[in-house]
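Residue numbers begin at 1 in each chain, while the letters A, B, ... track the order of the sequences. Just so you know, these numbers use all the heavy atoms, side chains as well, and skip hydrogens, waters and symmetry mates.
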Amino acid sequence: MAQLKVFNSLTREKVEFSPLDENHVRLYACGPTVYNYAHIGNARMAVVFDLLTNVLKTLYPKVTYVSNITDVDDKIIAAHKETGAPIAEITEKFTRIYNEDMASLGCATPDIQPRATDTIPEMIALCEALIAREHAYAADGHVLFNVPSFPSYGGLSGRSRDEQIAGARVEIASYKKDPADFVLWKPSAQDEPGWDSPWGYGRPGWHIECSAMAEKHLGLPFDIHGGGADLKFPHHENEIAQSCCAHGHSDLTAFSKYWMHNGFVTVEGEKMSKSLGNFLLAHDLLEKYDGEVLRLTLLSAHYRQPLDWSEDKLEQSQTILDRLYKRVGGSGNVDSAVLNALCDDLNTPLAISKLIAADDANIKASGALLGLLQQNPAIWLAQGNVETNEFDALLTERAEAKTAKNWARADEIRNELAAQGFKIIDTPDGAKLEKL
RNA sequence: GGCGCGGUGGCAGAGUGGCUAUGCAGCGGAUUGCAAAUCCGUGUACACCGGUUCGACUCCGGUCCGUGCCUCCA
């Protein structure tokens, strides 16, 4: 059996993956906050960890992949205040759209997709445990994690507490004992989402939810925790601190044994940002390109490398898939070179090159591992075709002209249709039209 | 300022101390009435300067350039 190697962000080295329980691999990846359409950066995370789950499932008998939906957050409240739409309507709508769009990208729904709002009691319990162990304190309706109480803090991002404060541009709230302390629970106004707690009506801080959901559904410790590279600090750092301290551990691996982070997507060389207005939404791209084209594009660079998104790459992915779909043969096996490439820390560019080199009969099974080439080839290849009804007479005339070897007339008809925006492609089944 | 990542052929993008991926595009050819598709052939590229070595694109040091995080962020 192939051996999976992964780059562990916690130790910053590539290591052989060895599950805590050979019979049950458990992983968690931070999912989206549902206040808007998912952008291609969200999509990259979903695709990368979907792929990782696929690979794990070929190697191990049982895998549980948990990825959450964050449905309580200040950004959601902001969206509510801006649009007037009820909170629940916003979160339900964008959860549904997220799942639809990710399904279009070939991502299976995570085995468990918990919602933050379904995990509030567990979050409160975590806060209480942290207070009991003197790693957290209540102040002004808030509950704060006391960073100096955890000497190992900063192990993931390689940032000492002092460095962090030195670089901090955040205002330091008066109720904090230490400038680095972060919020576990905060008070809500009456018109904001909230729950009754020992500290009054309030809602969770951002980091505590993932600690609670991961523990609830996977148990501690579990094997792999993933997410976007930008979550390393402070989000994942804080998750580790909370989860380890709540149970009295000082070892950073008492939460998750391995950490994996995917790189950013940039657009034409620039980071996506609202101010630049270059946020690319998966939802919009899916209107023009098949989900597999987007998925291949997302997998065309190694997951830890930055990925620069461009129209050019999409066209290239489309061409590659078109060519592969022409070759898809019977139902063979997963090509071992493809699997081996993926087992080497998800080396997808290499895996794709091996897929192209694979026997035709094995392309479909191998593509399945990557989440590609799962459609009906005939339908895929007919994608660009348009109905010919309105030009049937012309096409028939051209067919007759061709039979009579009247090339001049045949070309004339080709030009006439070109003038109307269509390209004639002769196939064994007759002429087909494509939009120019 | 602190911490990190990267600079590979026209573009994209892996990888390795000596055997120099792959894809897209291009070019040449086969095939084709034309067009498309397909097939064959075709490119010694690894930022710069030192060092280590029999030998470095690959290891070490420095320089330049780009970029990410440090604040909500996939």
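- For an aromatic pair to be called close, the ring centres must be under 6.0 Å apart, and A:Tyr98 with A:Tyr37 fails this.
- Contacts of A:Asp426 with the nucleic acid, taken as non-hydrogen atoms under 4.0 Å apart, include base atoms.
- Within the 4.0 Å cut-off from OP1 or OP2 of B:G13, at least one side-chain nitrogen or oxygen of A:Lys313 is found.
- In the model, A:Asp71 has a side-chain atom that pairs as donor or acceptor with a side-chain atom of A:Thr117 under 3.5 Å.
- You'll find that the side chain of A:Arg414 is closest to B:C34, out of B:C24, B:C34, B:C72.
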Item checked: Per-nucleotide protein contact string for nucleotides 37-43 of chain B (B base, S sugar-phosphate only, - none; heavy atom under 4.0 Å) -> SS-----
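- A salt bridge does not link A:Arg96 with A:Glu92: none of the charged nitrogens is closer than 4.0 Å to a carboxylate oxygen.
- The distance from atom CD1 of A:Ile224 to atom CZ of A:Arg26, rounded to the nearest 0.5 Å, is 11.0 Å.
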Find every protein N or O atom lying less than 3.5 Å from an N or O atom of nucleotides 27-29 of chain B, and list the pairs.
none

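- The ring pair (Phe, Tyr, Trp, His ring centres under 6.0 Å) pairs that include a residue from residues 414-436 of chain A are A:Phe391-A:Phe422, where partners are two or more places apart or lie in different chains.
- The distance from the CD atom of A:Glu311 to the OH atom of A:Tyr289 is 3.5 Å, given to the nearest 0.5 Å.
- Nucleotides B:U58 and B:G15 place their P atoms 15 Å apart, quoted to the nearest Å.
- A:Ser211 is linked by a side-chain hydrogen bond (donor to acceptor under 3.5 Å, both in side chains) to A:Gln242, A:Ser243, counting only residues two or more places apart in sequence or in another chain.
- Counting heavy atoms from C-beta on, the side chains of A:Pro32 and A:Phe94 never come closer than 4.5 Å.
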Note to self: I'd like to know whether A:Asn146 forms a side chain to side chain donor-acceptor pair (under 3.5 Å) with A:Asp181, so could you lay out the CA-CA distance, the side-chain angles of the two residues, the decisive distance to 0.1 Å, and finally the verdict.
What the structure shows: CA-CA 5 Å; A:Asn146 186 228; A:Asp181 291 354; 3.1 Å; yes
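- Put simply, the side chain of A:His261 and the base of B:A74 share no donor and acceptor less than 3.5 Å apart.
- Judged as a side chain to side chain contact (heavy atoms under 4.5 Å, CB included), and not counting sequence neighbours, the contacts of A:Asn99 are A:Thr95, A:Gln113.
- With distances taken from any side-chain atom of A:Thr33 to the nucleotides B:G4, B:A74, B:A36, the minimum falls on B:A74.
- Residues from residues 348-375 of chain A that place a heavy atom under 4.0 Å from any atom of RNA chain B, listed by number: A:Pro349, A:Leu350, A:Ser353, A:Ile356.
- No engagement by A:Arg44 is indicated, since no non-hydrogen atom pair under 4.0 Å with the nucleic acid exists.
- Atom CZ in A:Phe255 sits 7.5 Å away from atom SG in A:Cys210 (nearest 0.5 Å).
- Under the side-chain hydrogen bond (donor to acceptor under 3.5 Å, both in side chains) criterion, A:Asn376 pairs with no residue at all, not counting sequence neighbours.
- Within residues 46-57 of chain A, no residue has any heavy atom closer than 4.0 Å to RNA chain B.
- Atom CD of A:Gln316 and atom P of B:G26 are 12 Å apart (whole Å).
- Here the closest heavy-atom approach between residue A:Met123 and residue A:Ala116 is recorded as CE-O, 3.2 Å.
- Atom P of B:C24 sits at a distance of 12 Å from the matching atom of B:C40, rounded to the whole Å.
- Rounded to a whole angstrom, the distance from the P atom of B:U20 to that of B:C57 is 15 Å.
- Taking a 6.0 Å sphere around NZ of A:Lys5, one finds it holds 12 or fewer heavy atoms contributed by other residues, nucleotides or ligands.
- A:Gly41 comes within contact range of at least one nucleobase, with a heavy-atom separation under 4.0 Å.
- Closest contact between the side chain of A:Ile320 and the listed nucleotides B:G23, B:G4, B:G68 involves B:G23.
- One interatomic measurement links the two molecules: CG of A:Asp74 to P of B:U71, which rounds to 17 Å at whole-angstrom precision.
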Note to self: Just to be sure I follow the notation: if a pair is Watson-Crick (purine N1 to pyrimidine N3 plus N6-O4 or O6-N4) or a G-U wobble (N1-O2 and O6-N3), each under 3.5 Å, what dot-bracket string does RNA chain B give, with | for pairs to another strand?
What the structure shows: (((((((..(((.....[...))).(((((.......)))))....(((((..]....))))))))))))....
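- For the atom pair OH (A:Tyr258) and CG (A:Leu10), the distance works out to 11.0 Å, reported to the nearest 0.5 Å.
- Taking atom CG of A:Asp230 as the reference point, atom P of B:G4 lies 18 Å away to the nearest angstrom.
- Taking for each of A:Asp312 and A:Asn42 the nucleotide of RNA chain B with the nearest heavy atom, the 5'-most of the two is the partner of A:Asp312.
- Between the OH atom of A:Tyr28 and the P atom of B:A74 there is a distance of 13 Å, rounded to whole Å.
- Comparing B:A12 with B:G1, their P atoms are spaced 29 Å from each other, to the whole Å.
- Rounded to whole Å, the P atom of B:G4 lies 28 Å from the corresponding atom of B:G9.
- Taking atom CD1 of residue A:Ile424 and atom P of nucleotide B:G33, one finds them 16 Å apart after rounding to whole Å.
- For a distance-only test at 3.5 Å, the side chain of A:Asp411 qualifies as a donor-acceptor partner of the base of B:G33.
- Look at CD1 on A:Ile425: it is 5 Å from C1' on B:A36, rounded to the nearest Å.
- A salt bridge does not link A:Asp191 to A:Lys81: none of the charged side-chain nitrogens sits closer than 4.0 Å to a carboxylate oxygen.
- We find the CD1-CG distance between A:Ile240 and A:Asn238 to be 9.5 Å, quoted to the nearest 0.5 Å.
- Distance noted for atom P between B:C65 and B:C48: 15 Å (whole Å).
- When distances run from any side-chain atom of A:Thr319 to the nucleotides B:G33, B:C69, B:A25, the shortest one goes to B:A25.
- Listed by first and then second residue, the side chain to side chain donor-acceptor pair (under 3.5 Å) pairs involving residues 291-301 of chain A are A:Asp50-A:Arg295, A:Glu292-A:Tyr325, A:Thr297-A:Ser317 (not counting sequence neighbours).
- Taking atom CG of A:Asn238 as the reference point, atom P of B:C69 lies 17 Å away to the nearest angstrom.
- In the region residues 287-310 of chain A, proximity to RNA chain B at under 4.0 angstrom, judged on heavy atoms, holds for A:Ser300, A:Ala301, A:His302, A:Gln305.
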Would you mind writing out the side-chain donor-acceptor pairs for residues 352-360 of chain A within the sub-3.5 Å range, not counting sequence neighbours?
from     : atom 1 : to       : atom 2 : distance (Å)
A:Ser353 : OG     : A:Leu350 : O      : 2.8
A:Asp360 : OD1    : A:Arg327 : NE     : 2.8
A:Asp360 : OD1    : A:Arg327 : NH2    : 3.0

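- When the P atom of B:A35 is taken as reference, atom CG of A:Leu433 falls 18 Å away, rounded to whole Å.
- Between A:Asp344 and A:Lys14 there is a salt bridge, with a side-chain nitrogen of the basic residue lying less than 4.0 Å from a carboxylate oxygen of the acidic one.
- Note that CG of A:Leu373 is 5.5 Å distant from CG of A:Leu324, once rounded to the nearest 0.5 Å.
- To the nearest whole angstrom, the two P atoms, one in B:U44 and one in B:G7, are 22 Å apart.
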